[in-house]
Amino acid sequence: MEVFNEAVEYLLGYGIPVVEDDQLDLEDVFDGECDNGFLSAVDSPFSPVRTESADFGDGLSEGDPEKMLERRALVLKSILSSEQQYLSELEAMLMPMKALKATACTSQPVLTNQQIRTVFFQAPELLALHREFHEGLRERLQQGDPNQGVGDLFQKVVNQLGVYRGFIDNYESAIATVRKCTQTDDRFKTLAENMMSSKDGSNCRTKYTLEALLYKPLDRVTKTTLVLHDLLKHTPEDHPDRPLLQEALRISSSFLSGVNEEVPHKKSAVTISKGTIRQLVKDGFLVDLSDGTRNLRHVFLFTDLILCAKLKAGRQPQYRFVWCLPLPGLSLIPGPECQLPPDTQCRMDQMKQKAFRLRQEIQLQRKGSRVLSSRTIDRARKKLLDCELWILSHSPSLPLELHSRCGKSHTVLLSSLYELSEWRDNVERLRGESCERVSPDLLNLTNSCFKLRTTHHPPLYSTLEGKKDLPSPHLYSTLQDSSDLGLCGTLCVVIHRATQLQQPEIDLSIFLEVDSFGYFENKAQTRVLVGDLTPSWEEEFSLQVDGAHDLRLLCVQQPGREDSWTEDRVLGKTTVQLDAKTLLNKWKRSVVSLHQIELSLSLKYTEHSLQPPGIPSTQSSEVFNIHIETVAEREGVLVPHIVRFCAEEVERRGLEEVGIYRISGVATEVQALRTAFNTNLRDALVRLKAVDVNAVSGTLKLYLRELPEPLLPPQYFQALAAALVIADPLEKEHRLVSVLQSLPGRTVECHKRLCYICQVVSCLSKMVTLCPSPSRVSQNQEVNKMTTQNLATVFGPSLLRPPEEPLGDSGLCVDISQEIVVQVQVVLCYLQCINLPAPQIKLQIHSAELEEMTQQEP
């Protein structure tokens, strides 16, 4: 009677008369209605084996039985707490029911008897079912026996899921009645929007709407299956409960599967409560990283939560709930780029080779060059689809960690910085907006995803023919014709300059990402420019592309020495569609908008056949102990990546580091960077930002020291030594510059590389590039203690070495001490020289091709 009296007082407080009748009971509200088409627990249609069951295995966990029993006890305690909360919510939902029934006997009824039956249909039975389960579970746990069985309690619950069937079938009618009565009767509106429930048995009261409380049983259907899954996972194989729990899980999963098939899909946004709509903002296929396992999942971002679902195959494709996190209080933490283990990387190479061969076979058949049976083509297409899906699941390497205030966390992997930025921006925008905190109906919400999704053609079912506007991966195996194969060959990109920057004195670079049939692995990055409102890169990139459709450009600000934040910030981004017809064999110059930043670039595409990926090249990829010209030519640049990136990182972090370039870094870190640059440039760039800056400078020194031939060829040692003895400073400088300009053949660009190295090294002393006077050197030498003399001492022996053979009778004889003096003094003179040619860091485009570039308005 306590619930009844509380409801009566609540209604009387709003001026609603109530006729009290002590003979009324909960069952009286539904007299003669409980068996309207619904069977008892014994005759439940959900106990027999269904033809289709959920994909939960029997052996879900292995480990120490004692530890498993400890975890099992914790799971049972959490189940008991969750049941207590669920009972509180059911009681809150039923609190006004008897009182509303009493008002139906007056001249001013709030709801009719029929409306009351519709709104609260099967709710009393649910309350009785879970009260009995809660009491039984509580008594079992109080005994403290870790081997105490509870499987019979769960079996009793799942065998009465027919009660939930009645509630689910009536749910739409109940919600429609509540909304209709809320609009027509202010008394019911006040009651339905101000329902109170105690939380965890405490005195703390939580405010709900009646709609939100009616969601709870639907939510419980999904949670029952998940709870059984977790409990079975921590139940030892020899535990007497295990067969009972397996059977209960089978029944619950089959019931949930049947409900998923029969509940009608929503054709619009999901209603949270009156006046509030849960809208779908973004969705897409991401890789869910769980316990080290990668799973391709469909992730949905709503206005108040983020939902992860699994696409289940079958005649009627449907989604299965995986996890869900509320947006309020959600924190996003991008992690460092992760690398595949060696064995997985080996398999990745094999998969790419296999996919490449299968594409070639299918393409030859499409062109009529090879006649294959339809069965053979279908088999090749199936194999290709499996390869591409595996690559799609294992190629993403950028982690994004999601942490909620309740302690739950999940990690998703994305294939590109552009994609990560998109998801992060949307989540942060929605997280900052005010949204109603309503517990989601996971069952209804998951089912609605099939109609609400914008990525209509996931990889498993996509057929892109005639649907090029859909944002889905361009998997080759799903293409129905050869008209959308994308670019195959070499894509040349020149990043010119950026304008409209709003912030001066920032570290800025441009990131490039090109897709290959849906996944992004072809990436490049310009050098970092500092403190320029109109940065000019003038860098050219040659990208080998296969199945490329889009070029993504991102303007990224990197943290400076005085910034408190440590993550890269995306200031603007855009996507450029690649059209083979307009780019084929000719340069096209255009200006694109990256938010408020205008970026000018040029594109050219050259079509040619490609070598199978992953096959070891006859040309080594190592950079250490290799001629600098060979490395630069292989990388398609003038200055090797290792020199450029190490120098820029030192300039970014080491200007105020005492003894930079002189103090050696940790040997293990230097060797790790050496290995990374020899094997994986992307891994090396990640490591550069993580290690101590002295390890970065030590890596650059090690590279220069291990060059087979120094930057200044040994045969010019005599001429340089002779130039040092000239007394006239101007004549000495002229002679040293003349030696650089006389470098023959394949070392003709050496003086330009030397200028670049001199430039980045002298940045420690804040030398202005090509400054008109050497008096502007060494603005920071009071801090880092590295004068130009010290820098020359460090780099002299690496940049210039004496010849190994005698110089001959006409040569200038010097001993070892004099050799060191020559090495240091030559580099010191070049550092102080004001007439060196301008440093070049990129290969120049042919002038005739530049003139052919067409101008395009943004």
Side-chain angles (χ1 to χ4, degrees), residues 38-63 68-69 71-72 75-76 78-80 82-83 86 125-126 129-130 132-134 136-137 140 147-169 217-263 290 293 295 309-323 442-443 446-447:
F38 298 99
L39 303 178
S40 63
V42 178
D43 301 322
S44 173
F46 307 103
S47 295
V49 179
R50 280 181 169 266
T51 57
E52 179 184 357
S53 60
D55 53 349
F56 294 114
D58 293 335
L60 298 178
S61 179
E62 295 180 359
M68 293 182 68
L69 288 176
R71 299 191 191 101
R72 170 185 161 91
V75 172
L76 288 173
S78 66
I79 293 174
L80 183 65
S82 176
E83 279 293 313
Y86 183 48
E125 287 78 4
L126 292 177
L129 172 63
H130 283 273
E132 181 180 0
F133 173 75
H134 177 267
L137 183 60
R140 303 276 180 93
N147 292 310
Q148 177 67 51
V150 295
D152 58 318
L153 298 177
F154 282 95
Q155 274 208 334
K156 188 172 183 180
V157 170
V158 298
N159 283 328
Q160 300 186 56
L161 287 176
V163 178
Y164 273 97
R165 167 59 67 184
F167 186 90
I168 292 172
D169 289 345
L218 275 75
D219 187 18
R220 202 69 183 179
V221 173
T222 302
K223 287 185 177 179
T224 299
T225 302
L226 298 177
V227 161
L228 284 168
H229 180 273
D230 289 341
L231 185 58
L232 185 60
K233 180 179 180 180
H234 300 296
T235 300
E237 293 285 348
D238 58 349
H239 198 282
D241 253 2
R242 193 166 184 84
L244 297 175
L245 292 175
Q246 288 175 343
E247 177 65 12
L249 177 59
R250 184 192 61 78
I251 295 173
S252 176
S253 302
S254 297
F255 174 77
L256 182 60
S257 176
V259 170
N260 284 340
E261 293 177 358
E262 297 168 17
V263 171
S290 178
T293 303
N295 297 293
K310 175 184 178 181
L311 187 63
K312 188 67 176 179
R315 293 183 178 178
Q316 296 180 346
Q318 56 183 294
Y319 284 107
R320 297 284 180 83
F321 172 82
V322 179
W323 52 261
L442 297 178
L443 175 65
T446 304
N447 284 322

Between atom [atom1] of [X] and atom [atom2] of [Y], what is the distance when rounded to the nearest 0.5 Å?
X      : Y      : atom1 : atom2 : value
His229 : His234 : NE2   : NE2   : 9.5 Å
Arg242 : Thr235 : CZ    : OG1   : 6.5 Å
Leu161 : Phe167 : CG    : CZ    : 14.0 Å
Ile251 : Thr224 : CD1   : OG1   : 12.5 Å

Review point. For the side chain of Arg140 and the backbone of Gly149, is there at least one donor-acceptor N/O pair under 3.5 Å apart?
Key: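 Indeed, once roles are kept as given, a pair shorter than 3.5 Å links the two residues.
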What pair of heavy atoms forms the shortest contact from [X] to [Y], and how long is it?
X      : Y      : result
Pro217 : Leu126 : CB-CD1, 3.8 Å
Gly151 : Leu245 : CA-CD2, 4.0 Å
Leu249 : Thr225 : CD1-O, 3.8 Å
Val150 : Leu76  : CG2-CD2, 3.9 Å
Ala248 : Gln155 : CB-CG, 4.1 Å

Practice item. Mind checking ring-ring contact (aromatic ring centres under 6.0 Å, His included) for Phe321 and listing every partner two or more places apart, or none if nothing turns up? Key: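 ring-ring contact (aromatic ring centres under 6.0 Å, His included) list for Phe321, sorted by chain: empty.
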Review point. Between Lys156 and Asp152, is a salt bridge (charged side-chain N to carboxylate O under 4.0 Å, His left out) present by the stated rule, with each step listed?
Key: CA-CA 6 Å; Lys156 188 172 183 180; Asp152 58 318; over 6 Å; no
Point to revise | Any residue meeting side chain to side chain donor-acceptor pair (under 3.5 Å) with Gln148, in chain and number order, not counting sequence neighbours | key: none
Review point. Does Glu83 come within less than 4.0 Å of Arg220, counting only side-chain N to carboxylate O?
Key: yes
Review point. Run the salt bridge (charged side-chain N to carboxylate O under 4.0 Å, His left out) check on Arg72 and Asp230 step by step: do they pass?
Key: CA-CA 9 Å; Arg72 170 185 161 91; Asp230 289 341; over 6 Å; no
Check your understanding: Side-chain contact, heavy-atom cut-off 4.5 Å: Glu247 with Val158?
Key -> no
Check your understanding: Would a 4.5 Å heavy-atom cut-off, applied to side chains only, mark Phe154 and Leu232 as touching?
Key -> no
